[in-house]
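Below is one structure; the comments refer to it alone.
As the structure lists them, so they are numbered: ligands from 1, and atoms in each ligand from 1. It should be emphasised that the depicted structure is a prediction, and the values quoted were computed from it without experimental measurement.
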Amino acid sequence: MEWHGTHELPKLVEYQTEATRVRFGSGVARTTVAGEVDRFNAQRVLFISTRRDAATTNVVARQLGSRLAAMFQDVRPHVPIEVVTDVRQIAEAREVDLILAVGGGSSVGTAKAVALKTGVPVMAVPTTYAGSEMTAVWGITDRRQKTTGVDPVVQPRTVLYDPDLTLKMPRHLSAVSGLNAVAHGVEAFWAPRRNPASSALAEESLRALATGLPAIMRDPASVSARSEALMGSWLAGMAFASAGSGIHHKICHVLGGTFDLPHAETHAVVLPHVLEFQASSVPNSASRIASALGADNALTGLKRLYDDLSIRTGLRDLGLADQDLVEATSLVLDKIPASNPRPVEREGMEALLRAAWAGTSAIRMETLQ
Ligand code: NAD
């Protein structure tokens, strides 16, 4: 890092955005889908979602009327290559001209993977806080290896954020998915392409998430709490899209892709340990994170948020075996960006993963002072 001002930015900043149309508000998924499909001039829409969320997502599908050319509801986590092949065949056979993904990051990710192979545009209606709809990042898992890449063709051209679709999301899923968004916001401060815009978006996203998520724990059906959290996830997704993937995302990709750990839970478990590892190397960013979380210290603020959300798990609770930590360390070390603000060596990474394996209580208390 060569510039130690309030922003801790690289010497040369690059900033690029992809054009996405966003509509945000209670009811947009119920009332505006047909009009938004018109804007694509689309006649043959492929609808992607999960069967278990049909009660929520079919409200959107029904608005397509005769333009619903095909439905795929067998989305699986981490976008397995077999699923991508199946959906691509459907897209080609039905000659679809728009893909509409309604659901969490797995549904949006499946739509992106099909767009990557076919070039068909994507419209997304997210129902979790994963944030994939804001990025041009795709990910496909093939034989325990998750490959990711960036291609503007996968970036959803239109995104409808409707908090009403999230009102029935259970508390625990809301908490871990929300912490996935918090991870986007926190990591944006040290990710390779960080820039003044991504840091500003990240800070504001954390402020909204730190308000919205605890409010959801108190009242999951509150439209205002859901709106606050969804707005936070939107901004966090933009920050992540702009700043790119850093150490935290690299760790989570390995744990998800190779060890099949659940995406949002893994982000939630790993984040405090990565923040503890990084914070002293990015003091100005840490103080911006702290202020957004309403605390004097970033880690204390994050711990308080975790307490409010009742999240106290470790990677061992998610199914990672003790003996997997050595392989995980090697795989992660291969992926750490050279621009990480502090050097990452085997010993430090293994200690980080071991602490995350044991759980949040493994965070050293002196770093919270
Ligand atoms: P997910 O899409 O698998 O959803 C998690 C669970 O939530 C599922 O069981 C789903 O049925 C349920 N669900 C979804 N919406 C719901 C709602 N409103 N109410 C109740 N239940 C609901 O998981 P996710 O955490 O949303 O996304 C994870 C995936 O997204 C991973 O594959 C990850 O790699 C990808 N992702 C990609 C990016 C990117 O930029 N490319 C960013 C974030 C996440």
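In terms of protein heavy-atom proximity, atom 5 (C) of ligand 1 is nearest to L173 CD1, 4.3 Å.
Not a single heavy atom of T56 sits less than 4.0 Å from an atom of ligand 1. Ligand 1 lies within reach of K112, whose nearest heavy atom is under 4.0 Å from it. The closest approach between Y129 and ligand 1 stays at or above 4.0 Å for every heavy atom of the residue.
Nearest-heavy-atom check against atom 1 (P) of ligand 1 across S106, S49, A101, P262 picks out S106. Between the choices T57, T135, V79, the shortest heavy-atom distance to atom 39 (C) of ligand 1 belongs to T135. Considering only non-hydrogen atoms, atom 41 (N) of ligand 1 lies nearest to V137 out of V137, L167, T166.
With rounding to the nearest 0.5 angstrom, the OG atom of S281 is 9.0 Å from the CD atom of E8.
Aromatic ring orientation, H253 versus H249: perpendicular (interplanar angle above 60°, classes split at 30° and 60°).
At a 4.0 Å heavy-atom cut-off, ligand 1 touches H263 through the side chain alone.
Inclusion of S107 in the set of residues having an N or O under 3.5 Å from an N or O of ligand 1 is not warranted. Close N/O approach between T128 and ligand 1 is found [any backbone or side-chain N/O within under 3.5 Å].
For the pair L213 and S174, the tightest heavy-atom approach, listed with the atom from each and the gap, is CD2-O, 3.9 Å.
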